[in-house]
Amino acid sequence: MALATSGRLEGHGVLVSKPFYVTTPIYYVNDKPHIGHTYTTVMADALARHHRMLGEDVYFLTGTDEHGQKIEKTAASRGITPQQLVDEVAPNFENLWKQMGLTVDHFVRTTHASHKATVQARFTELLARGDIYKATYKGLYSVSDEAYVTEIQAKEMQAQGLAHQLVELEEESYFFRLSSYENWLIQLYEKCPEFVQPDFRLNEVKQFVSPGGERGNLQDLSISRTSITWGIPVPGDEKHVVYVWFDALLNYLSASKQGHWPPAVQLVGKDILRFHAVYWPAFLMAIYRQEGDDLKGALPDRICAQMPKTILAHGWWLMGETKMSKSLGNIVRPKELLHFGTDAARFFLLRDMHIGHDRAFTFEAFIDRLNADLANGLGNLASRSISMLQRYRKGVVVEPVQYDAADTEVRELLRQAAPQYLERASRHDFNGALDGLWAFLRHLDGYIVKAEPWKLAKDEANAQKLDTVLAQLYRALRLTALLAGPVMPELCQQLWESLGLTGHVMDLRFADLDVEAPAPGPVSDPKPLFARIDKETAMNEIEAIRAEAAPQPAAPQPLDLPPVKENIDYDTFAKTDLRVGLILEAEEVPKSKKLIKMKVDLGFEQRTILGGIKEAYAPADLVGRRVVVVANLAPRAMMGIESHGMLLCASDNASKPYLIAPPEDAKPGFVVR
RNA sequence: GGCUGGGUAGCUCAGUUGGUUAGAGCGAAGGUCUCAUAAUCCUUAGGUCGGCGGUUCGAAUCCGCCUCCAGCCA
């Protein structure tokens with residue numbers, strides 16, 4: 001019976017397979033899909049397929065996060081409603097996953113009525129029992145981040161010349177009593193160390209929840225806003241909308257499927273781990289706790305059972321040394337990634353990324369990997385094996401009757417391949433699983449060369465040895481098609497059919513695997529599995545695709561302007577002494593990401609001034625420029641260097657700073673008024 | 001600044017509880033076979049295992065200091 005090893009018998013002897021609920025984060029609907037989204041979702045798809053082949057009852061959820069101020073603003077700038085905007089762009093993601101053939105079971109949107117109903121119901125519940133309360137929140141708010149910032153962050157931003165993005169705000173807000181769940185959270189991490197993977201991420205989470213230092217413990221979490229209108233209204237107090245995390249995280253609950261709770265694996269980028277490993281379980285604890293549960297006492301098993309089994313935090317694909325960023329335009333679009341086929345992209349992403357770590361992406365590495373492992377490796381091995389079967393045995397796989405030392409070694413490797421692969425995959429380690437499987441494939445190429453089937457075929461006396469070699473190659477390819485099926489569904493299906501096998505690989509179960517099962521029929525004609533890529537040609541093609549896409553970012557972006565500050569009288573303004581300056585020297589400040597140190601001539605004196613403009617200007621381009629300087633700004637030290645004065649720049653919240661430039665004939669020292 | 005994890009062949013990385021000549025893949029060079037996708041296979045590359053000091057019969061592997069990098073610090 002196919003499901004015998006993975007199912008369990010319930011009540012009346014009905015076989016129920018084990019549920020497997022896997023999620024990706026919901027993607028911010030306004031973003032354009034790139035390699036990061038693709039990686040996460042492909043990983044989830046491979047896990048989903050893998051667990052289906054383990055015989056489990058899989059539910060694979062992904063979706064979009066559709067609320068927030070940015071949506072509101074973008075929609076306003078285009079003169080449409082936020083709902084129209086999200087309806088327009090949400091398919092960007094959904095269609096990509098469909099185009100890639102991902103086996104998503106449900107695509108959740110936070111603007112769905114059922115999601116909103118869940119959020120409101122839970123909000124009301126938690127409010128009633130005191131896990132949510134109303135209070136006043138006061139602090140510095142970063143407009144571009146749409147978040148309050150800490151004092152430390154505020155200082156950093158000021159030092160980087162981003163003070164204009166900060167606004168002092170005081171507003172009424174609903175708070176989630178996160179502080180109450182510290183004890184239970186710590187117990188969760190202790191009891192279930194696999195709750196966060198990889199393990200070094202768990203340490204970060206623990207340290208955050210219980211730093212043991214002077215910072216004190218968890219603080220309550222603001223979960224509503226009055227400054228935003230595009231969101232889920234707080235029931236009964238509709239000038240508030242539910243703020244991002246209480247809205248977004250609950251998608252996993254609102255879109256969950258009957259019988260599949262709790263999630264088995266939740267994939268997240270390392271940047272949002274904290275929200276998933278701290279806030280999310282705390283929300284669930286609040287939702288699932290009952291009267292009489294002691295928050296100071298032991299975490300009840302009943303609660304534990306409602307927690308996601310694993311939050312799997314993966315690293316980022318980097319472009320060269322730096323993080324991909326939309327503003328730098330150095331992102332890898334799906335179209336480029338899928339240029340060599342969906343399965344090639346899937347294989348590369350899962351084979352090359354060490355789960356949890358960052359990885360630099362280059363098209364060279366991408367092509368090298370495909371050529372080495374898919375063309376020269378698996379593709380060529382399949383081609384030569386099938387070709388020999390046809391040439392020497394008319395496609396028929398003869399059952400081996402004898403094994404010499406080399407044959408026995410391969411037979412043993414063949415026996416170990418599946419358990420090793422499955423064990424690694426069960427730890428979500430496709431990188432390791434594929435690495436091990438491909439090491440075996442390499443061994444087979446050596447096995448062929450040593451056995452020299454082309455010589456064996458010339459003498460009938462060696463017929464049995466030849467049969468053994470050919471049969472083992474056949475078995476290895478059949479096994480590979482099965483094991484790697486979840487990673488490369490199409491290629492493995494093609495290989496499966498080349499081996500003369502029928503049915504769909506995806507419909508098979510690992511449990512049914514019999515490595516040495518006889519071949520049901522002769523092999524088919526070998527079709528090239530994966531054509532070798534000519535690097536130079538391919539790089540040109542990629543360049544062309546990128547160039548095609550390049551004009552897109554140049555399309556006018558909506559401005560992200562901060563609100564106008566309150567009025568001041570003339571005398572207040574007149575206190576500011578603005579002068580024309582001439583930049584004489586400029587150099588980068590070591591270790592600083594933003595600062596440039598400049599020597600500026602103000603006519604009456606020369607000064608050292610630091611500016612947070614490294615992202616926008618190279619030092620060499622600054623020398624000789626005329627700038628406007630706040631001449632009477634009190635000196636202050638940054639990065640150990642005293643800066644006397646400030647350069648005026650123009651920008652909105654999203655753009656880089658543009659230096660204000662006086663005309664060429666303005667003399668250093670001229671007063672700006 | 002605090003905490004954590006790292007710095008191993010050109011590149012990406014393995015290196016179990018310290019022990020004979022420090023490994024793999026890719027890339028590069030030379031050679032070989034011919035079943036195969038100009039593929040495969042074999043050999044080679046002479047890497048102060050970040051630096052200094054210590055423990056030890058013996059350390060990439062333990063300890064200390066230094067240095068550089070990354071991550072987390074709501």
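Sequence lines set the chain letters: A, B, ... in the order given, protein chains first and strands last, and positions in each chain run from 1.
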Expressed in angstrom and rounded to an integer, what is the separation of A:Ile533 atom CD1 from B:A39 atom P? 13 Å

What integer number of Å spans the C1' atoms of B:C65 and B:C73? 26 Å

In this structure, how many angstroms lie between the P atom of B:C69 and the CZ atom of A:Arg359, rounded? 21 Å

Report the distance from atom NZ of A:Lys455 to atom P of B:C41, rounded to the nearest whole Å. 17 Å

How would you label the contact of A:Tyr392 with the nucleic acid (heavy atoms, under 4.0 Å): base, sugar-phosphate, or nothing? sugar-phosphate

Between B:A74, B:G71, B:C33, which nucleotide gets closest to the side-chain atoms of A:Leu218? B:A74

Watson-Crick or G-U counterpart of B:U21, or none if no pair lies under 3.5 Å: none

To the nearest Å, how far apart are A:Phe208 CZ and B:C3 P? 19 Å

Can you tell me if A:Thr310 uses its side chain to pair, donor with acceptor, with the backbone of A:Glu194 under 3.5 Å? yes

Categorize A:Ser383 for me: base, sugar-phosphate, or nothing, with a 4.0 angstrom heavy-atom threshold over every strand shown. base

When the C1' atoms of B:G50 and B:G7 are compared, how many Å lie between them, rounded to an integer? 6 Å

With a 4.0 Å cut-off on heavy atoms, is A:Leu529 in touch with a base, just the backbone sugar-phosphate, or nothing at all? base

Watson-Crick or G-U counterpart of B:A9, or none if no pair lies under 3.5 Å: none

Within the structure shown, what part of the strands sits under 4.0 Å from A:Asp445 by heavy-atom distance: base, sugar-phosphate, or nothing? sugar-phosphate

Selection from B:U40, B:A74, B:C3 that lies nearest to any side-chain heavy atom of A:Gln207: B:C3

Would you say NZ of A:Lys191 has more than 12 non-hydrogen atoms from neighbouring residues, nucleotides or ligands within 6.0 angstrom? yes

Using the side-chain heavy atoms of A:Ser387, tell me which of these nucleotides is nearest: B:A39, B:C35, B:A74. B:C35

Salt-bridge contact A:Lys465-A:Glu460 (side-chain N to carboxylate O under 4.0 Å): no

If you check every side-chain atom of A:Glu204, which of B:C72, B:A74, B:U40 has the closest atom? B:C72

Between A:Tyr252 and A:Trp245, does the ring-ring contact (aromatic ring centres under 6.0 Å, His included) criterion hold? Intermediate values first, please. CA-CA 12 Å; A:Tyr252 304 126; A:Trp245 290 109; 9.5 Å; no

State the pairing partner of B:C72; accept Watson-Crick or G-U wobble contacts with both distances under 3.5 Å, and report none otherwise. B:G2

Gap between atoms NZ and P, on A:Lys206 and B:C72 respectively (whole Å): 19 Å

Between C1' of B:C72 and OH of A:Tyr189, the distance in whole Å: 13 Å

Determine the interatomic distance between C1' on B:A29 and the same-named atom on B:G71; round to the nearest Å. 40 Å

Atom C1', compared across B:A28 and B:G51: separation rounded to whole Å: 30 Å

Options B:U40, B:G71, B:A74, nucleotide nearest the side-chain atoms of A:Tyr279: B:A74

Heavy-atom nearest nucleotide on RNA chain B taken for A:Arg369 and for A:Asn376; more 5' hit belongs to A:Arg369

With a 4.0 Å cut-off on heavy atoms, is A:Gly379 in touch with a base, just the backbone sugar-phosphate, or nothing at all? base

When the distance from CG of A:Leu273 to P of B:C72 is rounded to whole Å, what number comes out? 10 Å

With RNA chain B as reference, determine whether A:Trp454 or A:Lys270 sits nearer its 5' end, using the nearest nucleotide of each. A:Trp454

Rounded distance in Å between the C1' positions of B:U4 and B:A9: 28 Å

Indicate the atoms forming the closest heavy-atom contact of A:Trp438 with A:Asp373, along with that distance. NE1-O, 2.9 Å

If I pick the P atom on B:G5 and the same atom on B:U43, what distance separates them, to the nearest angstrom? 39 Å

Picking from B:U12, B:U34, B:A36, the nucleotide nearest the side-chain atoms of A:His354 would be B:U12

For B:C35, give its Watson-Crick or G-U wobble partner with both distances under 3.5 Å, or none. none

In whole angstrom, what separates A:Asn203's CG from B:C72's P? 14 Å

Using atom C1' in both nucleotides, what's the gap between B:C41 and B:G25 to the nearest angstrom? 16 Å

Using Watson-Crick geometry (N1-N3 plus N6-O4 or O6-N4) or G-U wobble (N1-O2, O6-N3), each under 3.5 Å, B:U55 is paired with none

Which nucleotide wins on minimum distance to the side chain of A:Ala372, given the candidates B:C73, B:C26, B:A39? B:C26

Any A:Arg442 side-chain nitrogen or oxygen under 4.0 Å from OP1 or OP2 of B:A24: no

Check for me whether the distance between the ring centres of A:Trp280 and A:Phe195 falls short of 6.0 Å. no

Indicate, with yes or no, if the rings of A:Phe366 and A:Phe340 have centres closer together than 6.0 Å. yes

Tell me what A:Lys450 touches on the nucleic acid: a base, only sugar-phosphate, or nothing, going by heavy atoms under 4.0 Å. nothing

Within the 4.0 Å heavy-atom criterion, would you say A:Arg532 contacts the bases, only the backbone, or no part of the nucleic acid? base

Are A:Lys206 and A:Glu190 ion-paired here, with the side-chain N under 4.0 Å from a carboxylate O? yes

